[in-house]
Amino acid sequence: MKIKIKAFASVREACGFDEKELTVSDGITVKEVVLLLEKSHGSLSDLLESLLYAINEDYCHDDATLSSGDTLAIFPPVSGG
Amino acid sequence: MKIKIKAFASVREACGFDEKELTVSDGITVKEVVLLLEKSHGSLSDLLESLLYAINEDYCHDDATLSSGDTLAIFPPVSGG
Amino acid sequence: MVQVVIQQEPIDITRVTADAGTDSDGAVVVFIGRARNNSNGRTVTRLEYEIYDGMAHKELRKAAEDASARWSLNSCIVVHRYGPVAIGEASIIIATSAPHRDNAFEAAQYIIDTVKEKVPIWKKEYYSDGSSWIHETE
Amino acid sequence: MVQVVIQQEPIDITRVTADAGTDSDGAVVVFIGRARNNSNGRTVTRLEYEIYDGMAHKELRKAAEDASARWSLNSCIVVHRYGPVAIGEASIIIATSAPHRDNAFEAAQYIIDTVKEKVPIWKKEYYSDGSSWIHETE
């Protein structure tokens, strides 16, 4: 199935993209997607511990499973204000 | 000795003056001045319990003693802001 | 910078807000006290503030200086009006600025609390059928 | 009235402050977050904010609506910028109004705390010799 990945701030810079389509196996979890990304974007490792995730603009944990067409956003702790 | 009395807000209205010079005996206390005023301005009685006092623009208690030339201000609880 | 003004004229909120804050400040907090159109269930048509001029200024400055020292403010501006104040107009503005927001918030709250407890200013509410002095804080 | 805006342009502080508050409100609290010229001992030359557009708007609106309901605000306006922000400029403004001041203060603090915890916006500080993403709250 296809999902969309969005990356922000330091994660975007580590991954080298802000948005990307990915073909993954059905029922994949957020954690598994991140491990996939880490293989091709090693510098993501430094950020792993504090990463935040959202599926379709709702925060989720890394054990959430993705469905076809979902947008998974991956980003560091926020610092607005 | 002579002292000056200043009255504000509901106290001013009860006393009918905003400022007045009074001749009093040496060493008179704030409380004694107020009792004097109450004799001539009966409506002051209703306010007595909550009155605040300042001598020369500094808050004081009703057992403070006055000196010649002092300004005694008498007023209800404040309500600015 | 501590600036304290007691004036009869309407408060220039834009100017006070613009004067608050320095380039080292991450936070400016502005508190605006306004004349409300109701009080204890009665319709208020206007307010009038009476002040003990010299002492009000002294106590207000003390509150602003204490807050500036305690919360390391870089700027602290307080303006209070006296005389008639129309509904919707500001009767007081307090603007505090500091590097971090908690300090600016706490200082502004301290100052308005102190005004309502210690600064010799009194509010009279006017209704369609009379008026009354307000003697208690909120 | 809840109004939430995310924009690139400088914030019109005067207009937001003027729009806040109704005739039933005794208190307006305005919080202005500003770009500071220093951070952890380094000189900051400018800031740049990145946002997750749709989600930032959603989370910001949720914070404003939650605060409005919880503290019975009559008005609540939040404006956050994205893109470059010069030193001394406002990156965020929060204006809350309520009949009594405690509610307006608590609501404004809740909203800025929530922004710093949950709204997907990131700050990058630029120095004379580099830049860095800010990942921790104050």
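Chain letters run A, B, ... following the sequence lines, proteins first, then strands; residues in each count from 1. The structure presented is a predicted model; accordingly, all values stated were derived computationally and were not measured. Any value given below was found using the heavy atoms of this structure, including those in side chains, with hydrogens, waters and symmetry copies removed.
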Distance in Å, D:Trp133 CH2 paired with A:Phe8 CZ, rounded so as to fall on 0.5 Å steps: 10.5 Å
Separation between NZ of D:Lys124 and OG of A:Ser79, rounded to the nearest 0.5 Å: 11.5 Å
Max heavy-atom pair count under 4.5 Å with chain A, selected residue of D:Ile121, D:Ile112, D:Val119: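 Ranked by contacts with chain A, first place is D:Ile121.
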Residues in residues 45-70 of chain D near chain A [non-hydrogen atoms, under 4.5 Å]: D:Tyr49, D:Glu50, D:Ile51, D:Tyr52, D:Gly54, D:Met55, D:Lys58, D:Glu59
Contact origin within A:Asp58 toward chain D - heavy atom pairs under 4.5 Å: both
Considering only distance and modelled atom types, tabulate donor-acceptor pairs under 3.5 Å from the side chains of residues 72-80 of chain D, sequence neighbours left out.
residue	atom	partner	partner atom	Å
D:Asn74	ND2	D:Asp25	OD1	2.6
D:Ser75	OG	D:Gly21	N	2.9
D:Ser75	OG	D:Ser97	OG	2.7
D:His80	NE2	A:Gly81	N	2.8

Main-chain N/O of A:Gly80 paired with D:Trp122 side-chain donor or acceptor, under 3.5 Å: no
